[in-house]
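As the structure lists them, so they are numbered: ligands from 1, and atoms in each ligand from 1. All residue numbers refer to positions in the sequence shown, counting from 1. These numbers were taken from a predicted model, which means no experiment stands behind them.
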Amino acid sequence: MARTQSIVILTGAGISAESGVDTFRDKDGIWSKYDYRDVATPEGFVRNPKMVFDFYNMRRRGLAKVKPNAAHEALARLEQEFSGAFLLVTQNIDNLHERAGSRNLIHMHGELDSALCKVCECRSDWPDDMEQGSSCPACGTVGYLRPDVVWFGEMPYQMDRIHESLAGCDLFLSIGTSGNVYPAAGFVDFARAHGAHTVELNLEPSEGHSVFHDAIHGKATKIVPDYVERILMGL
Ligand code: NAD
Ligand code: APR
């Protein structure tokens with residue numbers, strides 16, 4: 001590990017689980033309570049925008065009740081103390097990485113804190129509760145705001161920058177994701193093909209666990225701080 005010059009980290013819902021944020025595909029996960037086709041697809045939004053606004057308004061209000069955990073804090077520490085290149089890519093739309101101090105961060109599936117205007121394409125801070133009649137803070141148009149969240153079938157954000165970083169990193173960590181969703185689930189193959197050492201840190205083996213060079217299974221608040229310590233000690 002002493003030679004590590006560039007790290008790319010991917011996180012999923014599992015890193016926020018111990019903060020009290022529901023994951024998607026675990027027992028009692030979000031997709032056991034909601035049909036993703038109703039609340040996480042463009043078609044669902046056209047069919048019933050109120051259901052989608054209610055879903056994201058409820059999740060956004062939930063953010064006020066949770067806080068970053070030791071795993072989020074360990075990644076912020078790693079970014080601050082690691083001397084090489086560092087990029088954190090999250091599939092999560094919560095703001096726990098930022099609140100823990102992470103800065104070089106990409107939300108590839110968007111953010112609960114952000115609203116997107118379909119007219120001027122500006123992103124703005126989400127009003128208290130978004131609804132069909134909300135107006136865009138940037139252009140004032142009424143009725144064209146949507147959650148700034150990437151839904152099924154839509155392209156994630158900043159993929160070029162993510163692939164460029166993956167091609168140049170020598171250590172790729174995947175933390176708290178089930179490896180069910182592409183393109184995120186393919187990042188390990190891409191990083192490995194470009195020479196990176198790849199490690200999965202997850203509660204249990206993910207869909208793609210066999211592709212990783214190493215795997216550490218356990219709760220994120222335990223295994224992530226321990227692994228960050230090893231990287232910083234050059235082990
Ligand atoms: P995809 O294969 O990524 O999505 C299909 C996903 O739907 C599968 O991973 C599966 O886990 C999930 N799925 C299928 N039936 C489900 C059910 N009943 N309940 C819950 N999950 C179910 O293909 P896609 O839908 O075209 O998505 C690809 C694009 O959409 C990618 O760019 C991805 O980043 C984006 N995106 C996907 C998801 C997602 O959960 N798949 C979420 C946000 C954004
Ligand atoms: N510590 C570590 N890992 C955990 C913990 C924990 N305390 N709790 C759960 N996990 C792991 C689970 O084992 C699972 O593999 O986190 C993973 C969560 O997987 P998902 O619920 O599928 O969440 P994620 O992989 O982030 O989903 C990807 O799917 O629906 C979309 O947009 C949604 O971004 C999300 C994407």
Side-chain angles (χ1 to χ4, degrees), residues 9-45 52 55-56 58-60 62-63 66-75 88-97 100 105-114 116 146-159 162 172-189 198-212 214-228:
I9 298 175
L10 171 69
T11 62
I15 199 169
S16 298
E18 291 164 85
S19 293
V21 181
D22 286 344
T23 63
F24 290 91
R25 296 174 183 86
D26 287 319
K27 183 176 174 304
D28 299 331
I30 293 172
W31 297 144
S32 68
K33 298 169 188 151
Y34 294 87
D35 185 328
Y36 77 103
R37 288 161 294 201
D38 290 336
V39 293
T41 63
E43 298 78 11
F45 186 56
V52 175
F55 176 71
Y56 288 99
M58 172 268 295
R59 289 183 67 191
R60 174 174 159 67
L63 277 186
V66 297
K67 59 184 182 21
N69 63 50
H72 298 104
E73 288 160 358
L75 296 187
L88 174 54
V89 181
T90 187
Q91 297 173 94
N92 300 339
I93 58 176
D94 65 46
N95 57 5
L96 296 177
H97 282 305
L105 169 63
I106 291 177
H107 280 274
M108 66 179 287
H109 282 169
E111 298 176 67
L112 262 181
D113 277 340
S114 173
L116 175 64
R146 60 164 275 184
D148 186 13
V149 172
V150 178
W151 288 325
F152 286 86
E154 294 182 325
M155 271 312 289
Y157 296 148
Q158 304 194 53
M159 286 307 297
I162 293 169
F172 172 73
L173 307 183
S174 175
I175 303 174
T177 181
S178 62
N180 266 302
V181 170
Y182 285 84
F187 289 173
V188 56
D189 296 286
T198 59
V199 184
E200 168 174 275
L201 293 94
N202 203 57
L203 189 65
E204 62 209 1
S206 72
E207 286 286 307
H209 69 95
S210 57
V211 179
F212 290 87
D214 287 331
I216 301 168
H217 295 134
K219 291 196 166 194
T221 54
K222 171 74 176 72
I223 62 177
V224 175
D226 289 354
Y227 199 76
V228 163

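- The shortest separation from a heavy atom of Gly218 to ligand 2 is under 4.0 Å, placing the residue in contact.
- The closest heavy-atom contact to atom 28 (C) of ligand 2, among the options His107, Lys222, Gln91, Glu207, comes from Gln91.
- The ligand atoms of ligand 2 that sit less than 4.0 angstrom from a heavy atom of Trp31 are 30 (O).
- Between Ala220 and ligand 2, a contact under 3.5 Å exists for at least one N or O pair.
- The aromatic rings of Phe24 and Trp31 sit tilted relative to each other, their planes meeting at an angle between 30° and 60°.
- When heavy-atom distances to ligand 2 are checked against a 4.0 Å cut-off, Leu203 comes that close through both its backbone and its side chain.
- Among the atoms of Ala13, some N or O lies under 3.5 angstrom from an N or O of ligand 2.
- Near Ala17, the atoms of ligand 2 lying under 4.0 angstrom from a non-hydrogen atom of the residue are 8 (N).
- For ligand 2, the atoms closer than 4.0 angstrom to any heavy atom of Gly12 are 26 (O).
- Screening Asn92, Val150, Thr90, Ile162 for a side-chain contact (heavy atoms from CB on, under 4.5 Å) involving Met108 leaves a single residue, Ile162.
- Listed by chain and number, the residues in a side chain to side chain contact (heavy atoms under 4.5 Å, CB included) with Ala185 are Tyr182 (sequence neighbours excluded).
- The shortest non-hydrogen separation linking Glu73 to Pro68 is OE2-O, 4.0 Å.
- Classification of the His72-His97 ring pair by plane angle, with boundaries at 30° and 60°, yields perpendicular.
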Worksheet item: How far apart are the C-alpha atoms of Ile175 and Tyr227, what are their side-chain angles, what is the distance that settles it, and do they pass the side chain to side chain contact (heavy atoms under 4.5 Å, CB included) test?
Response: CA-CA 11 Å; Ile175 303 174; Tyr227 199 76; over 6 Å; no
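- Near Lys219, meaning under 4.0 Å from one of its heavy atoms, ligand 2 places the atoms 1 (N).
- His107 and Gln158 share no donor-acceptor pair across their side chains, judged by distance under 3.5 Å alone.
- Between Arg60 and the options Asp94, Asn95, Asp113, a side-chain hydrogen bond (donor to acceptor under 3.5 Å, both in side chains) holds for only Asp113.
- No part of Tyr36 comes within 4.0 Å of ligand 2, judged by heavy-atom distances.
- Using a 4.0 Å cut-off to heavy atoms of Thr177, the atoms of ligand 2 that qualify are 15 (O), 17 (C), 24 (P), 25 (O).
- Residue Gly176 places a heavy atom under 4.0 Å from ligand 2.
- Counting atoms of ligand 2 from 1 in the listed order, those under 4.0 Å from a heavy atom of Glu204 are 13 (O).
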Worksheet item: Would Asn202 and Phe212 satisfy side chain to side chain contact (heavy atoms under 4.5 Å, CB included), going step by step from the backbone distance to the final call?
Response: CA-CA 12 Å; Asn202 203 57; Phe212 290 87; over 6 Å; no
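- Asp22 meets the salt bridge (Lys or Arg N to Asp or Glu O under 4.0 Å) test with Lys33; sequence neighbours excluded.
- Atoms of ligand 2 lying under 4.0 Å from at least one heavy atom of Val181, given by number and element, are 28 (C), 29 (O), 36 (C).
- In the vicinity of Glu18, heavy-atom distances shorter than 4.0 Å reach the ligand 2 atoms 1 (N), 6 (C), 7 (N).
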Worksheet item: Checking side chain to side chain contact (heavy atoms under 4.5 Å, CB included) for the pair Asp214/Ile216: CA distance, chi angles, key distance, verdict?
Response: CA-CA 7 Å; Asp214 287 331; Ile216 301 168; 5.7 Å; no
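- Residue contacts with ligand 2 for His109 involve side-chain atoms from C-beta outward but no N, CA, C or O (heavy atoms, distance under 4.0 Å).
- Contact annotation: for Arg25 versus ligand 2, heavy atoms closer than 4.0 Å belong to both the backbone and the side chain.
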